[in-house]
Participant: 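This structure is in structure tokens; I'll ask about it shortly.
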Amino acid sequence: MIIGIPVWVGRKLHTRYGHLPQHKRNMVIAGGVTASVIVAPVVASLAVGIGVPILLAYVYGVVPLSLCRSGGCGVSTTDSGRTDSHSIETTSHQVANPSIGPSNGELSMAMTGSLSASGNHIDRVGIIRDESDR
């Protein structure tokens, strides 16, 4: 932002005041770029000082709440309203430590030569997914 704003202002002023004589146009561009060099750090600090806390609040506040409301945080309710832990069904292909998932070797063996990025290889590993997860 500190470099980009003065460049952007200079280009905008150059195209806007292209009809002026060269000396006046250069003075306008130099004044605009100088002003933007002074203003750019203030704009950058406001963007960081306000934008980063808002982004962190969204990522760590709104997103987890939204995931839990949609049933993605590992807890689901039954028809009677009781809360049960959400279980993932797996086939007989078990991983040594299920909390970290299969290693790259196990995934490549389970992919059976498919290089698709569509997520279908996850089903071949043995995780059965609901349609709501897709």
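Please read all numbers here as calculations on a predicted model, not as lab measurements.
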Participant: Hey, any chance Tyr60 and Leu55 share a hydrophobic cluster, counting ILVMFWY side chains that come within less than 4.5 Å of each other, even indirectly?
Facilitator: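 Yes.
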
Participant: What pair of heavy atoms forms the shortest contact from Ala40 to Met1, and how long is it?
Facilitator: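 Shortest heavy-atom contact: CB-O, 4.0 Å.
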
Participant: Looking only at non-hydrogen atoms, find the nearest pair between Val37 and Pro41 and report the distance.
Facilitator: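 Heavy atoms only, the tightest pair is O-CD, 3.1 Å.
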
Participant: Taking Thr34 for its side chain and Ala30 for its backbone only, find out whether a donor-acceptor pair lies under 3.5 Å.
Facilitator: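 Such a contact is found between Thr34 side chain and Ala30 backbone.
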
Participant: Below 4.5 Å, heavy atoms only, C-beta onward: do Tyr58 and Val63 meet side chain to side chain?
Facilitator: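 In contact.
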
Participant: Honestly curious: do Val39 and Val48 fall in one hydrophobic cluster under the side-chain, below-4.5 Å linking rule?
Facilitator: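 Each belongs to a different hydrophobic cluster.
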
Participant: Do Val59 and Val52 belong together in a cluster built from hydrophobic side chains that touch within less than 4.5 Å?
Facilitator: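 Shared cluster, yes.
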
Participant: Heavy-atom distance under 4.5 Å between the side chains of Val43 and Ile5, does that happen here?
Facilitator: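 Yes - at least one pair of side-chain heavy atoms lies under 4.5 Å apart.
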
Participant: Atom OG in Ser36, atom CD1 in Ile29: separation rounded to 0.5 Å?
Facilitator: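 Output value for this atom pair is 11.5 Å.
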
Participant: Quick one: does any side-chain atom of Arg25 pair with a main-chain N or O of Gly18 as donor and acceptor, under 3.5 Å?
Facilitator: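 Side chain of Arg25 to backbone of Gly18, a donor-acceptor pair under 3.5 Å: yes, one is there.
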
Participant: With Leu46, which residues qualify under side-chain contact (heavy atoms from CB on, under 4.5 Å), at least two apart?
Facilitator: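 Leu46 satisfies side-chain contact (heavy atoms from CB on, under 4.5 Å) with Val42, Ile50 once adjacent residues are dropped.
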
Participant: Given the rule that I, L, V, M, F, W and Y join up when any side-chain heavy atoms are under 4.5 Å apart, are Val33 and Trp8 in one cluster?
Facilitator: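 Looking at the clustering, Trp8 is in the same group as Val33.
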
Participant: Would you compute the distance between atom CD of Gln22 and atom CE of Met27 and round it to the nearest 0.5 angstrom?
Facilitator: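 Result: 13.0 Å between the selected atoms.
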
Participant: Would you indicate whether Ile3, at its atom CD1, is surrounded by more than 12 heavy atoms from other residues, nucleotides or ligands within a distance under 6.0 Å?
Facilitator: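 Not more than 12 within 6.0 Å, no.
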
